[in-house]
Amino acid sequence: MVKRNIVLLDIDYITHDEKAVIRLFGKVKGGESNDIIAIDDSFVPYLYILPLEDIDKCIKDINGLKEEGEIEFTKLEKVNKKDLQVPKEFIKMTLNHPQDVPKYRDKIWDLNSVKQLREHDIPFYRRYLIDNALVPMAELELEGELIDSFETVDSDDESLEILKLSCPPKTANTDFQEFRMMSFDLEVRNPHGMPNPDQDEIIMIGIDSNVGVRKVISTKGDEFDDDEEMDFIEIVETEKEMIERFVQTVKDANIDIIIGYNSDNFDFPYLRDRAKRWEVDLDLGVDGSGLKFLRRGYANSAAFRGLLHVDLYLVMRRYMSLDRYTLERVYLEFFGEEKIDVPGERIYEFWDNGGDELKNLFKYSLDDVVATLKIAMETLPLNLELTRIVRQPFFDVTRMSTGQQAEWFLVRKAYEVDEVVPNKPNMTMNNIRERGSNSGGYVKEPEIGLHENLVQFDFKSLYPTLIISKNISPDVLVTDNISYNAKFEDFETGYDEIDSVLEETPSEDLDEEDYYVCPEHFFKFKKEPQGFIPSAIEDVLNERFRVKNRMKQTEDPVLRKSLDVQQQALKRLANTMYGVYGFLRFRWYSFECAQAITAWGRQHIKKAMKEAEDFGFKAIYADTDGFYAKYVPEMKKE
DNA sequence: CAGAAACGGGG
DNA sequence: GTGTACGTTTCTG
């Protein structure tokens with residue numbers, strides 16, 4: 001029996017003897033940085049069935065399906081869980097294999113005695129992370145036995161350990177970890193429009209890293225042999241050799257995270273095609289496996305097992321709000337300087353002409369990877385913190401919308417309080433049209449001119465605070481007497497006349513003894529008990545408060561910085577939580593809750609503007625959760 | 001005008 | 001893979 005502390009980088013499952021086996025990919029802590037794959041064959045797939053009325057009849061029907069050979073499963077048991085805080089008896093069905101879930105779920109759902117299937121669309125590896133309370137990119141304690149080989153693991157890495165777990169892994173701590181990161185970028189000779197992998201060769205592969213490797217691999221460049229400025233060039237004979245050198249460089253540097261810019265869509269697909277042409281193995285997976293393309297909707301993600309690939313373009317689109325997200329634009333935003341630029345359609349000329357032009361092309365190639373790495377070092381810490389809070393794989397988190405991040409955070413929270421998570425709503429275009437659109441925050445267009453004596457007013461985290469203080473949550477929403485028509489009428493009135501708003505008296509507090517009642521729509525939310533979403537947001541805000549306090553107490557600049565990133569991540573998550581109500585296809589989607597939040601938000605800012613006016617501050621611009629006001633003493637009320 | 005298709009990033 | 005982006009702009013019939 002051996003024990004290992006590892007940093008958990010990635011997770012997946014494979015099928016072994018017709019059973020699903022979880023594989024945890026990590027690096028051993030302490031001593032040399034060894035790769036490790038931990039195997040857990042003890043975790044089984046399951047789902048919940050909500051019976052229509054008679055639970056025993058339902059069990060009988062499901063067993064009947066099994067006897068007819070329609071479905072297969074290993075166990076049925078009655079379990080008590082909560083559904084939107086209402087205790088209910090569910091049937092927990094345990095199955096042989098994760099893929100049996102989509103295979104049989106429709107047949108079960110079609111039974112008359114079955115009301116609903118629940119938690120039937122949670123990927124197996126995510127279920128494993130949630131049920132074992134594991135934190136990706138954090139330290140994990142493993143116990144088990146080392147084995148020589150397992151399934152398809154075929155790696156030339158001498159230091160790789162395979163550990164068969166004898167008990168579930170435990171999270172050891174969630175402290176800040178250092179990761180070995182490398183950025184890369186391809187340059188292609190494409191004289192005829194966009195690069196075509198059937199004809200256009202790769203001419204340069206740029207590499208930068210936080211472990212001392214920085215170079216451009218190319219078949220040209222010997223003319224700069226004596227130029228010290230150009231000593232980052234590594235010359236090879238052929239394109240094939242270039243790709244082989246790239247693969248070897250990543251292996252030798254023992255990289256945890258490989259970073260590209262739009263590499264899901266360009267660099268890795270291109271590299272795959274060119275590597276295939278020259279029969280080069282891109283076997284960068286920790287288990288010796290090659291490059292995989294995972295379908296994500298209509299797009300693909302490039303992935304290696306156990307080597308984390310981040311496409312920084314996707315990260316940047318979430319990280320900041322810009323008009324465009326070219327590498328140049330993002331770099332300018334961060335560092336205030338222009339990158340070296342070579343127009344894409346002229347790269348082949350620079351390559352063919354040689355001399356100073358070729359020199360510039362090399363510099364451009366290096367500049368691209370240096371910029372990519374610099375931006376990654378600025379932005380990935382926040383994404384690492386989000387990963388630890390959301391507790392889903394880093395690879396997934398960097399490709400999730402903020403709404404999905406919030407949703408998976410809530411799926412985990414639900415498990416902790418014994419809630420069975422809601423299914424995803426299946427909204428059709430008709431539902432959406434019938435429903436109309438929600439109005440957003442209140443905006444007062446700025447008064448044109450140069451203003452003096454301005455004061456700024458902001459609500460701190462307006463929407464998260466409102467969700468908590470008004471207990472806005474689907475599980476405490478009073479649903480009697482809500483119809484879409486009624487909502488529609490209320491919703492058309494009263495708040496859209498931007499200029500006349502200050503003459504209007506903001507609606508009085510409508511709250512009743514047992515309910516908070518929202519303006520405009522008059523939806524009622526029970527004051528007790530606390531709703532699931534408000535309680536989850538409160539947890540996030542409390543955690544942020546604790547982190548900020550720890551920050552105040554420490555003098556250590558490194559710890560301070562990492563705590564600061566942590567509290568930023570928590571703030572982002574709290575602010576995103578509003579989205580779970582407003583975005584279609586989300587498990588906790590509730591148009592009523594989304595409307596209530598923005599309605600209360602508009603009421604609050606208008607009230608604040610009105611009160612400011614009484615003190616002589618005239619609002620000249622307002623947006624959602626804050627406004628600017630000008631001091632006009634004559635407006636002041638006595 | 002509504003519904004379909006393209007677009008983003010990359011060279 | 002316990003799966004099938006996304007929101008917006010431009011084109012087309």
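Small disclaimer: the values here were computed from a predicted structure and weren't measured. Numbers restart at 1 for each chain; the letters A, B, ... are given by sequence-line order, proteins then strands.
Residues from residues 117-125 of chain A placing a heavy atom under 4.0 Å of any atom in DNA chain C, listed by number, are A:E119, A:H120, A:D121, A:I122, A:P123, A:F124. Residues from residues 190-208 of chain A lying near DNA chain B, meaning a heavy-atom separation below 4.0 Å, are A:N190, A:G193, A:M194, A:P195 in numerical order. Near DNA chain C, defined here as any heavy-atom distance below 4.0 Å, the residues from residues 295-310 of chain A are A:R295, A:R296, A:G297, A:Y298, A:A299, listed numerically.
Across the P atoms, C:dT9 and B:dG9 are found 13 Å apart, a figure rounded to whole Å. If you take atom C1' in C:dA5 and the same atom in B:dA5, they sit 16 Å apart, rounded to whole Å.
Using a 4.5 Å cut-off on side-chain heavy atoms (C-beta onward), A:R329 and A:Y325 make no contact. Using a 4.5 Å heavy-atom threshold, the side chains of A:F591 and A:Y581 count as separate. When side chains are defined from C-beta on, A:I91 counts as touching A:I55, because their heavy atoms get closer than 4.5 Å.
In this structure, A:Y364 reaches the sugar-phosphate backbone alone: every heavy-atom distance under 4.0 Å involves primed, P, OP1 or OP2 atoms, never a base. Note on A:D185: only backbone sugar-phosphate atoms sit closer than 4.0 angstrom, heavy atoms only; bases stay farther off. In this structure, A:Y128 reaches neither bases nor backbone, as no heavy-atom distance under 4.0 Å exists between it and the strands shown. Within 4.0 Å of A:D368, counting heavy atoms only, lie sugar-phosphate atoms of the nucleic acid but no base atom.
Relative ring orientation between A:F124 and A:F43 is described as tilted, the plane-to-plane angle lying within the 30° to 60° band. Ring geometry for A:F395 against A:H309 counts as tilted: the plane angle lies between 30° and 60°, on a 0 to 90° scale.
Side-chain atoms of A:D200 do not come within 3.5 Å of backbone N or O of A:V188 as any donor-acceptor pair. Under a 3.5 Å cut-off, the side chain of A:D367 and the backbone N or O of A:K363 do not form any donor-acceptor pair. Side chain of A:D311 to main chain of A:N262: a donor-acceptor pair is present (N/O by atom type, distance under 3.5 Å, no hydrogens or angles). A distance-only check finds a donor-acceptor pair linking the side chain of A:Q405 to the backbone of A:V397 [under 3.5 Å].
Rounded to whole Å, the distance from NZ on A:K103 to P on C:dG3 is 14 Å.
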side-chain contact (heavy atoms from CB on, under 4.5 Å) for A:F532 and A:L84? Distances and angles first, verdict last. CA-CA 8 Å; A:F532 171 66; A:L84 296 176; over 6 Å; no
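Judged by the 6.0 Å distance and 45° axis criteria, A:K81 is not positioned over the aromatic ring of A:F90.
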